Amino acid sequence: STNYVTLPTGGNVTATNFTDLTAVNGTTYYYVVSGVGTNGEGANSVQVSATPIAAPTAPAILSITPGNTQITLTWSSVAGASTYNVKRSTTSGAEVTITNTANLGLIDTGLVNGTTYYYKVSAVNISGESANSSEASAQPVPPPAAPTGLVATPGNHQISLTWNAVSGATNYNIKYSPTSGGTFVTIGTSTTPNFLDPNAINGLTNHYVVTAVGLGGESLNSAEVSAIAGSQIQPVIGGIVRTGGNGLSIISSGTPSATYALYGSTNLADWSGATVINSGTFDATSGTCTNPVTIDPANRAMFFRLKSPYP
C-alpha cells in the first residue's frame, strides 16, 4: 500500500481545492484526500496522480509570406505546447492575440494591401504561456498587372511569343485557345517575357493570352493575339534563304533573274523522293517571281526546299 504524507504547507484546508506549490516538474505525484471532523479523520479518497510540466519555450517564426490581402505565417513546433497564440499589430511592438490554434501555421486574411503588419507567436500549455517569438513583418500585395505588348510570330509548326516584362512578376503563364475569346488553357510557364509554342498546327489560327504571376497571385489575361503557323522554306542552295508565314516567300541574295525550283517532301530528313512543286525565274530587284506559289493550309505535313539556279 502507498504511504501518504500530509503536505506540511497548506495540506489541511477548508476549501474543496488545493495547489501543491512544492511539486517538481517532471516528477509524478500521487494524491488522496480525507475529510476531518469533530469525530476524527475519514477514509482516503480514490488516488489520483499528475506530473507537473513547465510552461513551453518560445517558438520561432520560420516564414512570413505576403499575398493578395493576406499574409501566411509558419512557426516552429515547441515540445510540450498544446496550442499557439498568434499576435498581430500594424505598429511594431504592439501585437495583441488575434487567434489561438493548434496548427504550426496561419493564413491571415482580410488585410489591406500596402499596409505593414507585425506578428509574434507564443506557445501555450496547461502550465501557461511562453514568451513571445521574435517579431516578423510583411506587407500584403496585389497581383501584378496584366502583360502588355504581346506579339505572336509564326513559324513552321511553331509560334514565338514575346511581351513586355511586368514589375513584380516572378513568372508568366502562357495560355492557348483554338478559338478567339474561347476558354484559354495554360500550355506553359516562363520566367522571361518570351515563349515558343512548338506544337502549333500549320494552317490553323492559334490564339494566345499571357498572365503574370507574383506574390499577390495571378494577373488578369493580357490582350489576345493570334497567328497562323505556316511551312518554312528550309536552308537552301544558291543564296536562297528560308522565310516563314502562311505561304512561301522567296528571297534571293544571289544573281537577279535567277532560276529556281520549289521541291516538296513529306519527310524533312529525307529529300530523295522530293518532287518539283513548280519552277520559274526570280527577280531580286523587283522582288517578284514568274511562277509564285501559295501553300494550301490543309497541307500540314509538307516541307519545302528551294534550289537555285535550276536545273
Side-chain angles (χ1 to χ4, degrees), residues 61-75 86 88-92 94-95 98-99 103 105-120 135-202 204-230 244-246:
I61 295 179
L62 300 178
S63 66
I64 181 166
T65 306
N68 185 25
T69 69
Q70 66 181 37
I71 291 174
T72 301
L73 293 166
T74 65
W75 54 86
V86 181
R88 183 192 71 201
S89 176
T90 54
T91 302
S92 177
E95 293 85 356
I98 58 171
T99 190
N103 298 322
L106 174 74
I107 301 177
D108 189 13
T109 60
L111 307 180
V112 178
N113 287 338
T115 298
T116 301
Y117 292 86
Y118 301 87
Y119 295 87
K120 292 180 180 178
E135 185 178 74
S137 63
Q139 201 176 82
V141 293
T148 60
L150 180 60
V151 175
T153 303
N156 185 30
H157 297 284
Q158 65 184 31
I159 291 178
S160 175
L161 300 169
T162 60
W163 58 91
N164 298 325
V166 176
S167 176
T170 55
N171 60 281
Y172 303 90
N173 288 332
I174 295 83
K175 303 180 181 183
Y176 165 85
S177 174
T179 59
S180 178
T183 300
F184 285 89
V185 178
T186 299
I187 59 170
T189 62
S190 176
T191 57
T192 57
N194 54 75
F195 180 79
L196 179 66
D197 178 8
N199 300 312
I201 299 176
N202 284 353
L204 295 183
T205 303
N206 301 271
H207 304 267
Y208 300 90
V209 295
V210 176
T211 61
V213 180
L215 290 174
E218 185 177 15
S219 75
L220 298 175
N221 290 341
S222 68
E224 178 185 322
V225 296
S226 62
I228 302 175
N246 300 336

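Just so it is clear, the model here is predicted, and its values are computed rather than measured.
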For the backbone of Ala138 and the side chain of Tyr119, can you confirm whether one donor and one acceptor N or O come within less than 3.5 Å of each other? no
Taking every non-hydrogen atom, the tightest pair across Tyr172 and Pro147: CD2-CG, 4.3 Å
Among Leu111, Leu215, Ile71, Thr116, find the residue that satisfies the side chain to side chain contact (heavy atoms under 4.5 Å, CB included) test when tested with Gln139. Thr116
State the OG1-CH2 distance between Thr192 and Trp163, to the nearest 0.5 angstrom. 6.5 Å
Can you check whether Arg88 reaches Leu106 side chain to side chain, under 4.5 Å on heavy atoms? no
Between Gly182 and Ser177 the two heavy atoms that sit nearest each other are CA-OG, 3.6 Å
Look up atom OG in Ser226 and atom CG in Leu204, then write down how far apart they are to the nearest 0.5 Å. 12.0 Å
Closest heavy-atom pair and its distance - Pro66, Pro140: CB-CA, 4.0 Å
Gly181 backbone acceptor or donor facing Glu224 side chain under 3.5 Å: yes
Is the side chain of Tyr117 donor-acceptor paired with the backbone N or O of Val112 at a distance under 3.5 Å, no angle test? yes
Where the side chain of Ser219 meets the backbone of Ala212, is there a donor-acceptor pair that is under 3.5 Å apart? yes
Between Asp197 and Phe195, is there a donor-acceptor pair closer than 3.5 Å when you use the side chain of the first and the backbone of the second? no
Working to the nearest 0.5 Å, report the span between OH of Tyr118 and OG of Ser92. 5.5 Å
Provide the closest heavy-atom pair for Asn206 versus Ala229 in the form atom of the first, atom of the second, distance. ND2-N, 4.0 Å
I'd like to know whether Asp108 forms a side-chain contact (heavy atoms from CB on, under 4.5 Å) with Leu73, so could you lay out the CA-CA distance, the side-chain angles of the two residues, the decisive distance to 0.1 Å, and finally the verdict. CA-CA 8 Å; Asp108 189 13; Leu73 293 166; 5.7 Å; no
If I take atom CD from residue Glu218 and atom CG from residue Asn68, how far apart are they, to the nearest 0.5 angstrom? 12.5 Å
Counting heavy atoms not belonging to Leu220, are there more than 12 under 6.0 Å from its CG? no
Could you check whether any side-chain heavy atom of Val213 comes within less than 4.5 Å of a side-chain heavy atom of Asn173, counting everything from C-beta outward? yes
If we ignore hydrogens and angles and just use 3.5 Å, is the side chain of Asn194 paired with the main-chain N or O of Thr162 as donor and acceptor? no
